[in-house]
J.: 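Please find one structure pasted underneath; my questions will follow.
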Amino acid sequence: MSDFEWMAWTAPTAAFFLGIAGLLIGMTVWQRFSPTRLQRGLLPIATTRGDRLFIGLLASAFLHLAWLGLTPWSPLIALGLSALLLVSVMRFG
Amino acid sequence: MNRTEHPRAWWLVLPVLLVVAFSALIPLMTVVNYSVQDIFGPGQRVFVGSEWFREILRDSRLHAAFGRQLMFSASILMIEIPLGVALALAMPTRGIGVSFTLVILALPLLVPWNVVGTIWQIFGRADIGLGGALLRALGSDYNYAQNAADAWVTLLVMDVWHWTSLVALLGYAGLRAIPEACYQAAHIDGASRFAIFRHVELPKLRGVLTIALLLRLMDSFVIYTEPFVLTGGGPGNATTFLSQYLTKMAVGQFDLGPAAAFSLIYFLVILALCFVLFSFMTAGDER
């Protein structure tokens, strides 16, 4: 048994966390070269780029939950919709 | 005013980040891993995808526990926040009364949660408890062990007794921080006592009240020990809140997969609630 067996890693969850880590690293680099400003878009509050990423990810999580709770369809469709939602919140939020 | 940012200051945050990584992030990642698998034992597990999430989200007992949890948190917030502010306004501002009041108010906060449950469990009993016996003497058939409404009232009163002091102390600190000049300006304008509260004190209290509200919301949403000791979730399931349901699933039945999925949903709900509340209460603040 490997040292990390107790964390019970699986390939999809590892990919998920690597994706989140990649997003955070990307945002840090982006911030380094082009600092964010508070801006007001479609969301009711003024947000920075990081705020919009957090809101987008949280909304995506709830979209997945609603999808799983209310529909019998594959969560991969919810994943696609979430990606669209995240991009929209980052761009227009 | 222009503020200078020192990116190197972030290195000072590193120790905290490491502590949080070990105490929160690694356990959270483990819970995420558990939530997509059926765990039979060490090294024995099967990937099940989103099955546990589907199961948990369609569980009617969980919906009921979630409803009770929302009702409990909303009820105690609606009582504790206004009552705490009223207490803070009524507290003395100088003299020996200040220390006395602060100590008296701080006392319930020092009592451990399981002891609070035990205190109220005994206090509410009609045979040996002062509160229960008094209500019985007044002709009430109060019994928190058999009547759901009585159990709820006892839980609410217990929580208000335990935690209103926190709101009052935070509110008192906020009130003491208001400069005297604000009150003098209000008096010159001929403001009434209510107008001073509404337009001077309440806006200045917004910061501390945000903290009080968030602390109480998060704490009440994860309440476990007091109802567990006082009513054990009963009568029936009348006071079974989310955390008790989760503990039963994770530790009682050892259903780690469904319990992990449940934990994540619970976590997301608290995160969303706190974020919405925080954004709403700090909207308009300078950043």
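A, B, ... follow the sequence lines: proteins, then strands. Residue 1 opens every chain.
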J.: Using non-hydrogen atoms and a 4.5 Å limit, figure out which bit of B:Arg54 sits close to chain A: side chain, backbone, both or neither.
T.: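 B:Arg54 touches chain A through backbone and side-chain heavy atoms alike.
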J.: Check the surroundings of atom CZ in A:Arg91: do more than 12 heavy atoms from other residues, nucleotides or ligands lie under 6.0 Å from it?
T.: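 No.
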J.: One pair to check against side chain to side chain contact (heavy atoms under 4.5 Å, CB included): A:Trp9 and B:Met29. What are the steps and the verdict?
T.: CA-CA 9 Å; A:Trp9 280 104; B:Met29 285 196 282; 3.7 Å; yes
J.: Kindly indicate whether the side chain of A:Pro75, heavy atoms from C-beta on, has any atom under 4.5 Å from the side chain of B:Phe53.
T.: no
J.: Less than 4.5 Å to any heavy atom of chain A: does that hold for the side chain of B:Ile26, its backbone, both, or neither?
T.: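 Contact with chain A is through both the backbone and side chain of B:Ile26.
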J.: Please report the shortest heavy-atom distance between B:Ser50 and A:Leu68, naming the atom on each side.
T.: OG-CD2, 3.5 Å
J.: Name the option with the most non-hydrogen atom pairs under 4.5 Å to chain A; the candidates are B:Asn33, B:Thr30, B:Val31.
T.: B:Asn33
J.: Which heavy atom in A:Ala8 sits nearest to a heavy atom in B:Ile39, and how many Å separate them?
T.: CB-CD1, 4.4 Å
J.: At a 4.5 Å cut-off on heavy atoms, which part of A:Ile55 comes close to chain B: side chain, backbone, both, or neither?
T.: side chain
J.: Supply the atom-to-atom distance B:Ile265 CD1 to A:Phe62 CZ, rounded to the nearest 0.5 angstrom.
T.: 9.5 Å
J.: Need one label for A:Pro72: side chain, backbone, both or neither, based on atoms under 4.5 Å from any heavy atom in chain B.
T.: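 Looking at A:Pro72, just its backbone touches chain B.
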J.: Between chain B and each of A:Leu70, A:Thr10, A:Ile45, count heavy-atom pairs under 4.5 Å; write down the option with the most.
T.: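 Looking at each option in turn, the highest pair count goes to A:Thr10.
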J.: For atom CZ of A:Phe17, decide whether the heavy atoms of other residues, nucleotides or ligands shown that lie under 6.0 angstrom number more than 12.
T.: yes
J.: Mind checking the CG-CG spacing from A:Leu65 to B:Leu264? Nearest 0.5 Å is all I need.
T.: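 Between A:Leu65 CG and B:Leu264 CG, I get 9.0 Å after rounding to 0.5 Å.
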J.: Would you say B:Phe72 has more than 12 foreign heavy atoms packed within less than 6.0 Å of its CZ?
T.: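 Correct, the count exceeds 12.
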J.: Which atoms of B:Val36 come close to chain A, meaning under 4.5 Å heavy atom to heavy atom: side chain ones, backbone ones, both, or neither?
T.: side chain
J.: For A:Leu58, which atoms come within 4.5 Å of any heavy atom of chain B: side chain, backbone, both, or neither?
T.: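 The side chain, not the backbone.
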